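Structure record follows, encoded as structure tokens.
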Amino acid sequence: MRDYDFRKIEEKWRAQWVANKTYHVEEDEKKEKFYVLNMFPYPSGAGLHVGHPLGYIASDIYARFKRQQGYNVLNPMGYDSYGLPAEQYAIQTGQHPEKTTFQNIDRYREQLDKIGFCFDWDREVRTCAPGYYHWTQWAFQKMFNSYFDTSLGKAQPIDLLIARFESKGTEGITASCTDELSFTAEEWKAMSEQDKSQTLMNYRIAFLGETMVNWCPKLGTVLANDEVIDGVSERGGYPVEQKKMRQWCLRVSAYAQRLLDGLQTIEWSESIKETQKNWIGRSEGAEVQIKVADSDIDFTIFTTRADTMFGVTFFVLAPESELVARLTTEEQKEEVDKYLTYVKSRTERERMIDHTVTGVFSGSYGINPITGDKCPIYIAEYVLSGYGTGAIMAVPAHDSRDYAFARHFNLPIIPLVEGADVSEESYDAKEGIVMNSPMEGKTSFKGFSLNGLTVKEAIEATKKFVSENGLGRVKVNFRLRDAIFSRQRYWGEPFPVYYKQGIPCMIPEECLPVELPQVENFLPTESGEPPLGNAQLWAWDEANRKIVDKALIDEKTVFPIELFTMPGFAGSSAYYLRYMDPNNGKALVSEENANYWQNVDLYVGGSEHATGHLIYSRFWNKFLFDLGISKKEEPFQKLINQGMIQGRSNFVYRIKDTNTFVSLGLKDQYETTPIHVDVNIVKNDVLDVEAFKAWRPEYETAEFILEDDKYICGWAVEKMSKSMFNVVNPDMIVERYGADTLRLYEMFLGPVEQSKPWDTNGIDGCHRFLKKFWQLFWDKDGNLQVDASEPTADNMKSLHKLIKKVTADIEEFSYNTSISAFMVATNELTAQKCRSREVLEKMVALISPFAPHVAEELWEALGKDGSVCDAAWPEFDEKYLVESSVQLGVQFNGKVRFAMQFPADATPEEMVQMALSAPEAQKHLEGKQIVKTIAVPKRIVNIVVK
RNA sequence: GCCCAGAUGGUGGAAUUGGUAGACACGAGGGACUUAAAAUCCCUUGACCAUUGCGGUCGUACGGGUUCGAGUCCCGUUCCGGGCACCA
């Protein structure tokens, strides 16, 4: 008997793979490509826990499977290595973030190497490496130098737009912009350099904008919308306030429609597509011009319910709207100011939670363009400045928020749908027949009427009427905002930007990358500048002298360099392109390599990135696609979201005020407090009492009340965290059971996409299976028991059943059921005493993606050349599974009464006859009449009797 | 509030997509081997009734429905998870 010595086997093959460069990948035109990618990790100080490898193992199995099918598989790995934790650690300890980041990377690498992944480490990328962020800066510059042409639906060089301004001004331009501007060619030419720069910011895809941002005072930086959750920062949970600041932004909103449309072309889960759809938030409606009474001012409102124009009883402006100042009358000024002060005092969080009705009358009236009615204009915080036009028409009868407002301020409510009862609440449904539009005896603009139409018809009719009569236009609004792209931090990509008389200019492309300067202090400067302000000599730093030299080519003064850094998502937005050509110093990716690898075929990662990375990355890729750099409109063709691995905590129960611990089943007899206990000293919920005593000094003298001589621990599913003592790291599992067992077990735990608690309870089963699989190949004396014998029909049946199942399962990521199938097949072949080389070689090839180390060892033992990862994936042949007869349940009145054999090719009629003449059938037929018979070949026979 | 996904033994989870529910594994119980333990192997293991043998009834969150037949399809309810949220 040769033992399954996993330690020796795994160590040997780890070394061999490195020595032979087994997983090195080259572009190869002769082979079809397949690109598998994991979301690269942020190397945190805690190292990997068992949750991390889940996705890596799943994709590794897939990558190996595809390689065995003959594809040229790219399966790279790298590190998302800029980020806040390293910087905060630096602030606390003075350790440079680069130092801790590199230490963490080394630790990650060490842990990853133990699990047997087929990563091509020659392609590793780190977002904090100058050779990498060179291309992050480069892409930013491209965005700066581009605008989005709405008629072409793609990015164009900003120079085209400038040329256009030179000749025709803004007349007829089709460009995504922050504000609608209007000027002539003459006016453009007359502008100062500053004004021109300012104007172009309105169109650039990467632009400097004065916008409301999420400012987190505690973190000292602005945050993107997806980094703010329920009004507090995602990281740290600190309060976030709205502040108007000058920041770099990316015009993601220009791509909103394409981001939405693209979802239909990719294989992502419905739920994550839904999340993105919600985040993009397309709504189709109308913008309508409203004239202010006794004034020449007018303003625009946005509505999706154009049909309710006849029910408008007031208008509302967002408090931040610039119209507020213009529409507030003298008499109301004091009150309005009071209200604005109140609104300013409220944090984002308060505003989000507390929906009490507040507002103030501006003193002005707006004229309903259809009815001609004069309606008061209010200012209220329930209207948001950032969405639509920051002004609405209020229809209390059919909008719950307007309803609450109208009730509070005693404003009229006009119902517009037949049968709608608005005495208690508004009728928001878009259903029913329209009435009161106009009301009896009232007139309307050009006699326009909606009465008798359904709500849906009325919406369309009004949109048409409004745009045909110049009252407004049809408009699509998106909730997706432009991304705020600068952070007031140190540990991020520097901007390749310098300022010349206040005008932001791009540092010449040949001077990239602009390297992150060394600083001593990672906090903001005393004058409140970002941490990069501490790098006073930065501009003169040897590494950056070339920038200054070029930038100041004919100047003598030093121009300041941008002190902001880029946000976390900058480096992770195009990393999949860089893996295609990671060491290219001339381009992000060469034309040849981009054409060969195209895009990611399979992307594996957590769904928590749905509204962050996965949106930004798609946006970034679409931009690069417009430039012709990326070859596919969508970066990630198929996406699998691995579930989170939660922690499974164990508890011991201490009897109050004692040092005695009582086992789970007996704890109710005492007054106890549950205490978290390290899961690593608990096995199958049984506490290792000695290890517990040694765990903490205060437990050294602990006493135990046992049940069945065991101490049984309680358990609960919680987040995996150090404080709950439920962190299990993969090294410990590898040490005890081996990497192959870890791989198998993580997959056996359940479907990859499902969240589940980590629970070592079942791991022995997977380890046992590997032992059995190993024993299939060795006799009692430790010799290979494989011969050239002809496989039996049973051997082939077991094998091909397995091939069929595993091949189908891998494509569907149902790895847990394939492992079950392996267990069954192994037991069958063991029972059959299969020795056939033909069968056993295929078994090794099949298990190779799941347990590569043991597969390599057996492959070598079988005398095969090369690595098992190049072993051809076995072909499935139906002929071995064809049965001459099948056993089916025979049902009477839908209940299975007995089982019997049928010829596999029996017709339904024959099956019924056979079933009826079977001896077991007689007692069910006695004294009864046959009402109906149903037979489905290979499925079921059912006989209905009365 | 709106949208999405889900609920199956003591546990993790299967079920050819409408056809013998509970594969596989863990745990538990019993047995073999052993001085003993570990390891290994065999049997039992959804519940209830019967158990001398057959066997029978119920059972996939709950209540209805469609069907010869429903874990699977339809309607309603409850619960858990996720997303969006004064977005007009």
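Order of the sequence lines fixes the chain letters, A, B, ..., with proteins taken first and strands second; residue numbering starts at 1 for each chain. Just so we're clear, the structure is a prediction, and the values are computed from it rather than from any experiment.
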Query raised in the report: How is Q276(A) classified with respect to the nucleic acid when contacts are heavy atoms under 4.0 Å: base, sugar-phosphate, or nothing?
Result: nothing

Requested in this report: Looking at every strand, decide which applies to P757(A) at a 4.0 Å heavy-atom threshold: base, sugar-phosphate, or nothing.
Outcome: nothing

Query raised in the report: Does Y382(A) have a side-chain nitrogen or oxygen under 4.0 Å from the phosphate oxygens OP1 or OP2 of A88(B)?
Result: no

Requested in this report: Would you mind reporting whether I930(A) and T933(A) have side-chain heavy atoms less than 4.5 Å apart?
Outcome: yes

Query - Which residues share a side chain to side chain contact (heavy atoms under 4.5 Å, CB included) with K805(A), sequence neighbours left out - result: D809(A), T817(A), A821(A)

**Report entry** Centroid-centroid under 6.0 Å between F314(A) and F405(A) rings
**Finding:** yes

Report summary line: Contacts of E910(A) meeting salt bridge (charged side-chain N to carboxylate O under 4.0 Å, His left out) (sequence neighbours excluded), chain-then-number -> none

Query raised in the report: Between W774(A) (side chain) and D3(A) (backbone), is there a donor-acceptor pair under 3.5 Å?
Result: yes

All N/O contacts under 3.5 Å from nucleotides 22-26 of chain B to the protein, with atom names and distances to one decimal?
unit_1, atom_1, unit_2, atom_2, d
C26(B), OP1, R768(A), NH1, 2.4
C26(B), O2', N761(A), O, 2.8

Query - Separation of the C1' atoms in A50(B) and A37(B), to the nearest angstrom - result: 41 Å

Query raised in the report: When all nucleic acid strands are considered with a 4.0 Å heavy-atom cut-off, which category describes R481(A): base, sugar-phosphate, or nothing?
Result: base

Ignoring hydrogens and angles, write down the donor-acceptor pairs under 3.5 Å from the side chains of residues 762-771 of chain A, residues two or more places apart or on other chains.
unit_1, atom_1, unit_2, atom_2, d
D764(A), OD1, Y737(A), OH, 3.3
H767(A), ND1, Y737(A), O, 3.3
H767(A), ND1, T741(A), OG1, 2.9

Query raised in the report: Mind checking what makes side chain to side chain contact (heavy atoms under 4.5 Å, CB included) contact with V679(A), not counting sequence neighbours?
Result: N650(A), N726(A), V728(A)

Report task. Return the set of residues passing side chain to side chain contact (heavy atoms under 4.5 Å, CB included) with R407(A) (not counting sequence neighbours), or none when no residue passes. Result -> Y403(A), I413(A)

**Report entry** Pairwise P distance, C79(B) and G69(B) [rounded to whole Å]
**Finding:** 32 Å

Query - Strand contacts (RNA chain B) in residues 803-815 of chain A, 4.0 angstrom heavy-atom criterion - result: none

**Report entry** Pairwise P distance, A28(B) and C62(B) [rounded to whole Å]
**Finding:** 29 Å

**Report entry** Nearest-Å distance for atom pair CZ/P, residues F892(A) and G56(B)
**Finding:** 13 Å

Report task. Would you indicate, yes or no, if U17(B) has its OP1 or OP2 atom less than 4.0 angstrom from a side-chain nitrogen or oxygen of R939(A)? Result -> yes

Query - Crowding at CD, E811(A) (>12 non-hydrogen neighbours, <6.0 Å) - result: yes

Query raised in the report: Is it the case that T358(A) and Y342(A) place a side-chain donor and acceptor less than 3.5 Å from each other?
Result: no

Under 3.5 Å between N/O atoms: give me all the protein pairs with nucleotides 65-69 of chain B, atom names plus distance.
unit_1, atom_1, unit_2, atom_2, d
C68(B), OP1, K932(A), NZ, 3.0
C68(B), O2', N942(A), ND2, 3.4
C68(B), O2, N942(A), ND2, 2.3

Report task. Would you please name every residue forming a salt bridge (charged side-chain N to carboxylate O under 4.0 Å, His left out) with E381(A), sequence neighbours left out? Result -> R346(A), R351(A)

Query raised in the report: Taking the same atom, P, in A21(B) and in C58(B), what whole-Å distance lies between them?
Result: 13 Å

Query raised in the report: Side chains of K804(A) and L881(A): closer than 4.5 Å at any heavy-atom pair?
Result: yes

**Report entry** Range-with-range stems of RNA chain B (Watson-Crick or G-U pairs under 3.5 Å, three or more in a row)
**Finding:** B:1-4 with B:81-84, B:10-12 with B:24-26, B:27-32 with B:40-45, B:46-49 with B:55-58, B:61-65 with B:73-77

Report task. Kindly write out the residues that satisfy side chain to side chain contact (heavy atoms under 4.5 Å, CB included) with A825(A), not counting sequence neighbours, or none if the list is empty. Result -> L802(A), M843(A)

List the atom pairs, with distances to 0.1 Å, where a side-chain N or O of residues 606-613 of chain A and a protein N or O form a donor-acceptor pair under 3.5 Å, not counting sequence neighbours.
unit_1, atom_1, unit_2, atom_2, d
H613(A), ND1, S572(A), O, 3.4
H613(A), NE2, Y603(A), OH, 2.7

Report summary line: Looking only at G13(B), A88(B), C3(B), the nucleotide nearest the I392(A) side chain is A88(B)

Requested in this report: Determine the Euclidean distance between corresponding P atoms of U44(B) and C24(B); express it in Å to zero decimal places.
Outcome: 12 Å

Query raised in the report: Just checking V383(A): base, sugar-phosphate only, or nothing, at a heavy-atom cut-off of under 4.0 Å?
Result: base

Report task. Identify whether any heavy atom of L749(A) sits under 4.0 Å from a base atom; if not, whether one sits that close to sugar-phosphate; answer base, sugar-phosphate or nothing. Result -> sugar-phosphate

